[in-house]
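Everything on this sheet refers to the single structure shown next.
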Amino acid sequence: AGYTSSPNFPVINAHQSTLGSSTNTPDQFNCIVGKFNASQAAQWITHFGGTDNGASGTQTQESAFDIVTDNSGNVFIGGESDEIDFPTTNPNSGNPNILFDGSHNGYRDGFIARFTSGGTPNYATYIGGNFSDGIRRIVYKSNTGELYFAGDAGSSTNFPFKTKSGAYNSTYRLTGGNAFLGYINSNLEHQWITYYGKSKTKYFSTGGLSVDNTGVVYLIGSTNSDSLVYGASTPSGAYTDNTNSSTDGYIAIFDNNKQI
């Protein structure tokens, strides 16, 4: 998975065979998604995205940043889009608990999309608020069917928070931007989304995400903050405040109750 501005990008058995943008300029692009078999033969490769209807009024950009497969061979991608006509799909509109938003919210929204093993999209949703947000990492937990996601949020309102009893739940807004973290269950139902960050004028960004079989979550990234958010059980000496340079890395671990 990735993105392209090339109108002649090679596609095969494509759900969307052409680039959505009509201008074919380097700053206008769609996602690309594909699948190869064990012999490295392409099974399908497709464009995926909207047309020239960018929320910014000029650029029309969709980027896929991560990809995973589930136990049934479905393919999930995560990324960001500023298209107001991104091809959202709700596979079960009768279930109000599904994480689904079919309307673009701000300058740029994150998104999650799912394709069948044959390359047909059967779920796609915006995830974002009033400004610029994006999914950076997704992880599939194979023993439960849960999909975890993490990214960067610039939105101050309308972000799709979901609190979870006993979990770390934060809507604390940083001027420079927050990291965020959440997950859906095997039925695509919204379980939890929280911001992660501290020190109002600083930023926290997402660089990596991992989840073990028990549901413990590891979030890594970078920040220019001189302090972090610690859990009550954080061991003494396991952390340091005060950045050592203009930007430092961080690691945040959430237990299987999603508490730091």
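- A continuous path of Ile, Leu, Val, Met, Phe, Trp and Tyr side chains, each step under 4.5 Å between heavy atoms, connects Leu228 with Ile260, placing both in one hydrophobic cluster.
- Proximity of a side-chain donor or acceptor of Gln16 to a complementary backbone N or O of Ala14 within less than 3.5 Å is not detected.
- Side chains of Gln259 and Asp255: a donor-acceptor N/O pair is absent below 3.5 angstrom, by distance only.
- The neighbour count for Ile251 CD1, taken as heavy atoms of other residues, nucleotides or ligands under 6.0 Å away, does not exceed 12.
- Aromatic ring pairs are classed by plane angle as parallel below 30°, tilted from 30° to 60° and perpendicular above 60°; the pair Tyr140 and Phe76 is parallel.
- You'll find the side chain of Val217 reaches within 4.5 Å of the side chain of Leu181, heavy atoms only.
- By the 4.5 Å heavy-atom criterion applied to side chains, Tyr203 and Thr247 are counted as neighbours.
- Here the rule is side-chain contact (heavy atoms from CB on, under 4.5 Å) with Val68, and of Leu147, Val139, Val75 only Leu147 fits it.
- A heavy-atom distance below 4.5 Å is not found between the side chains of Thr157 and Phe131.
- A donor-acceptor pair under 3.5 Å is formed between the side chain of Arg173 and the backbone N or O of Gly154.
- A pairwise comparison of heavy atoms in Ser170 and Tyr172 identifies OG-N, 3.2 Å as the closest pair.
- In this structure the side chain of Lys35 reaches within 4.5 angstrom of the side chain of Ser117, judged on heavy atoms.
- Of the possible polar contacts, one joining the His104 side chain to the Gly106 backbone as a donor-acceptor pair under 3.5 Å is found.
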Problem - Asn74 vs Arg114, side-chain hydrogen bond (donor to acceptor under 3.5 Å, both in side chains): CA-CA, chis, key distance, verdict - result: CA-CA 7 Å; Asn74 295 308; Arg114 184 181 69 180; 4.9 Å; no
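- Put simply, the side chain of Trp44 never gets that close to the backbone of Thr120: no donor and acceptor are under 3.5 Å apart.
- Aromatic pair Tyr123/Phe115: centroids not less than 6.0 angstrom apart.
- Distance alone, capped at 3.5 Å, places no donor-acceptor pair between the Asn158 side chain and the Asn130 backbone.
- Connection of Ile193 to Val229 is not established within any shared hydrophobic cluster, with ILVMFWY side chains joined at heavy-atom distances below 4.5 Å, either directly or through further cluster members.
- Residues Ile77 and Val33 share a closest heavy-atom pair of CD1-CG2, 3.7 Å.
- In this structure, Phe161 places its CZ atom where more than 12 heavy-atom neighbours from other residues, nucleotides or ligands lie under 6.0 Å away.
- In this structure, CD1 in Ile84 is found 8.0 Å from OG1 in Thr51, a value given to the nearest 0.5 Å.
- Taking OH of Tyr126 as the reference point, atom CG of Leu99 lies at 14.0 Å (rounded to 0.5 Å).
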Exercise for the section: Just do the side-chain hydrogen bond (donor to acceptor under 3.5 Å, both in side chains) check on Ser205 and Ser222 with the steps written out, would you? Expected result: CA-CA 5 Å; Ser205 65; Ser222 60; 2.7 Å; yes
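- Between Ile127 and Pro160, the closest side-chain pair of non-hydrogen atoms falls below 4.5 Å.
- A side-chain donor-acceptor contact under 3.5 Å links Asp109 to the backbone of Asn105.
- Under the 3.5 Å distance criterion, with hydrogens and angles disregarded, no donor-acceptor pair is assigned to the side chains of Asn13 and Gln43.
- The minimum heavy-atom distance between Asn30 and Leu19, with the atom names listed, is OD1-C, 3.6 Å.
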Handout entry: Stepwise side-chain contact (heavy atoms from CB on, under 4.5 Å) test for Phe86 and Glu62
Key = CA-CA 9 Å; Phe86 183 77; Glu62 286 147 327; 3.1 Å; yes
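- Residue Asn143 comes nearest to Asn213 through the heavy atom pair ND2-O, 2.9 Å, listed as atom of the first residue, atom of the second, then distance.
- For the atom pair CG (Asn97) and CD (Gln191), the distance works out to 8.5 Å, reported to the nearest 0.5 Å.
- With hydrogens and angles disregarded, no donor-acceptor distance shorter than 3.5 Å links the side chain of Lys258 to the backbone of Thr194.
- Side-chain atoms of Ser155 and Asp133 form a donor-acceptor pair, as typed in the model, at a separation below 3.5 Å.
- The aromatic rings of Phe254 and Tyr196 lie perpendicular to each other, with more than 60° between the two planes, well past the 30° mark.
- A donor atom on one side chain and an acceptor atom on the other are found under 3.5 Å apart for Glu146 and Thr144.
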Problem - side-chain contact (heavy atoms from CB on, under 4.5 Å) between Phe204 and Asn178, intermediate numbers included - result: CA-CA 5 Å; Phe204 281 73; Asn178 295 75; 5.7 Å; no
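- In this structure, Leu174 CG and Lys198 NZ are separated by 11.0 Å, a value rounded to the nearest 0.5 Å.
- Here the OH-OG distance, from Tyr3 to Ser63, works out to 5.5 Å after rounding to the nearest 0.5 Å.
- Looking only at distances, no side-chain donor or acceptor of Asn257 sits under 3.5 Å from a matching main-chain atom of Ala167.
- The backbone N or O of Thr206 lies less than 3.5 Å from a partner atom in the side chain of Asp152, making a donor-acceptor pair.
- Across all non-hydrogen atoms, the minimal contact from Ser6 to His47 is O-CE1, 3.9 Å.
- From Phe111, atom CZ reaches atom CD of Glu80 across 8.5 Å, with rounding to the nearest 0.5 Å.
- Taking the six-membered ring where the residue is Trp, Tyr148 and Tyr183 present parallel rings, their angle staying beneath 30° rather than reaching 60°.
- The hydrophobic cluster containing Ile112 does not contain Phe65, counting ILVMFWY residues as joined when their side-chain heavy atoms lie under 4.5 angstrom apart, directly or transitively.
- Phe48 and Ile67 fall within a single hydrophobic cluster, where Ile, Leu, Val, Met, Phe, Trp and Tyr are joined by side-chain heavy atoms under 4.5 Å apart, directly or via other members.
- Leu219 and Ile184 fall into different hydrophobic clusters, where Ile, Leu, Val, Met, Phe, Trp and Tyr residues are linked whenever their side-chain heavy atoms come under 4.5 Å apart, directly or through other members.
- Phe100 has its side chain out of reach of Asn92: every pair of non-hydrogen atoms, C-beta onward, lies at least 4.5 Å apart.
- For the residue pair Pro87 and Gly49, the shortest heavy atom distance occurs at CD-C, 3.6 Å.
- Looking only at side-chain heavy atoms (C-beta outward), Asn187 and Ile98 stay at 4.5 Å or farther from each other.
- A perpendicular orientation is assigned to the rings of Phe159 and Phe180, their planes being inclined by more than 60° (bins at 30° and 60°).
- Ion pair Asp66/Arg136 not flagged as a salt bridge, since none of the NZ, NE, NH1 or NH2 atoms sits closer than 4.0 Å to an Asp/Glu carboxylate oxygen.
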